[in-house]
Amino acid sequence: MGRNGWSLIGLVILLATNMILLQYTIESYMVYNHASMRLYMIIAVINVGLIGLLYRYWKKIEYRTKE
Amino acid sequence: MSNESKDRERLSELVDNLSRADDVKLNRRAFIKSTFGAGIALGLATIPFNIAAFVRSEPRTDRQFITTVEALERGKSLEFEYPGTEPSLLVHLKNGEFVAYNNKCTHLQCPVFYVEEEDVLLCPCHRGYFGVDGQPQAGPPQRELPKILLEIENGKIFAVGREIHHGA
């Protein structure tokens, strides 16, 4: 598998992680578990940063001109 | 008309209602870009919940009278509100012990009921089972039910606080 494929696998993992983190955040919100909510938010925001970096990387590969 | 031309005609009818412009928008790159966007949106969606949690105040956990020991038979349960207006469930276990939990299922907030025959707390929405210690046993819930701390004084049962995490 090429670099493009690996970057898409990374994207799917980060997307799934953020989905689960959002669900956990909502569950914690319902039971006033603020400490866990903060932790989930921090991880989710870090993931957002990683998705941004991955997007730049993917774009570089996807739009490169073949020699 | 030959069979071949009939087939061609039928095919042209099938593609007549397709918009070529719409097809172009739904290409692979656009889909991947949308997925990146969805990942970012899901991550950022955790922030408003934290802001809302920061702004709101936790309900007061004052001492509150629930019922008397005699009023609740063994193997029976009683719904009450604590803290504030949050629904809770007081259970008189078969061994004589009293336990109380917030009875909103930690999966999707459905009400949880005590099932005397199986000695478990059951969320009927998605068949989520909790033990009488409040820990999830089966089904979708992954977290324990918040525990209501009880005090029994002169045959009267009082709620005196709440523990979100109370261990196994």
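Chain identifiers are assigned alphabetically (A, B, ...) following the order of the sequence lines, protein sequences preceding nucleic acid strands; residue numbering begins at 1 within each chain.
Side-chain contact between Asn50(B) and Arg38(A): present, with at least one pair of heavy atoms (C-beta onward) separated by less than 4.5 Å. The shortest side-chain heavy-atom distance between His34(A) and Phe54(B) does not fall under the 4.5 Å cut-off.
Ala52(B) touches chain A through backbone and side chain together, each having a heavy atom under 4.5 Å away. When heavy atoms are compared at a cutoff of 4.5 Å, Ile32(B) approaches chain A by way of both its backbone and its side chain. Contacts between Arg162(B) and chain A at a heavy-atom distance below 4.5 Å involve the side chain alone, from C-beta outward. Contacts of Ser36(A) with chain B are made by side-chain atoms alone, with heavy-atom separations under 4.5 Å and no backbone atom involved.
Here the closest heavy-atom approach between residue Ala53(B) and residue Tyr29(A) is recorded as N-CE1, 3.8 Å. Residues Met37(A) and Phe49(B) come closest through the heavy atom pair CE-O, 3.3 Å.
No continuous path of hydrophobic side-chain contacts links Leu121(B) to Phe113(B) [ILVMFWY only; heavy atoms under 4.5 Å]. Under a hydrophobic-cluster definition in which Ile, Leu, Val, Met, Phe, Trp and Tyr are linked whenever side-chain heavy atoms come within less than 4.5 Å, directly or via other members, Leu22(A) and Ile40(B) are assigned to different clusters. Each of Val12(A) and Leu8(A) belongs to its own hydrophobic cluster when Ile, Leu, Val, Met, Phe, Trp and Tyr are linked at side-chain heavy-atom distances under 4.5 angstrom. Residues Val112(B) and Tyr101(B) share a single hydrophobic cluster, defined by chaining ILVMFWY side chains whose heavy atoms lie under 4.5 Å apart. In this structure, Leu44(B) is a member of the same hydrophobic cluster as Ile51(A), with clusters built from ILVMFWY side-chain heavy atoms closer than 4.5 Å.
By the neighbour-count criterion of 12 heavy atoms within 6.0 Å, atom CD of Glu70(B) is densely surrounded, having more than that number from other residues, nucleotides or ligands.
Of residues 52-62 of chain A, those residues lying under 4.5 Å from chain B by any heavy-atom pair are Leu54(A), Tyr55(A), Trp58(A), Glu62(A). Residues from residues 41-48 of chain A that place a non-hydrogen atom less than 4.5 Å from a non-hydrogen atom of chain B comprise Met41(A), Ala44(A), Val45(A), Val48(A), given in numerical order. For residues 82-95 of chain B, the interface with chain A (any heavy-atom pair closer than 4.5 Å) comprises Glu86(B), sorted by residue number.
With sequence neighbours excluded, the residues satisfying side chain to side chain contact (heavy atoms under 4.5 Å, CB included) with Val69(B) are Phe98(B), Ile152(B), Ile157(B).
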key: side chain to side chain contact (heavy atoms under 4.5 Å, CB included) between Phe36(B) and Leu15(A), worked out   = CA-CA 8 Å; Phe36(B) 275 107; Leu15(A) 178 79; over 6 Å; no
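Among Gly43(B), Pro146(B), Ala38(B), Ala41(B), the residue making the largest number of heavy-atom pairs under 4.5 Å with chain A is Gly43(B). The candidate from Arg56(B), Lys104(B), His107(B), Lys33(B) with the greatest count of non-hydrogen atom pairs under 4.5 Å with chain A is Arg56(B). Ranked by heavy-atom pairs under 4.5 Å with chain B, the list Leu11(A), Thr25(A), Asn18(A) is led by Leu11(A).
Atoms OH and CZ, on Tyr24(A) and Arg143(B) in that order, are 6.5 Å from each other to the nearest 0.5 Å. Here SG of Cys105(B) is found 8.5 Å from CD of Glu27(A). Values are rounded to the nearest 0.5 Å.
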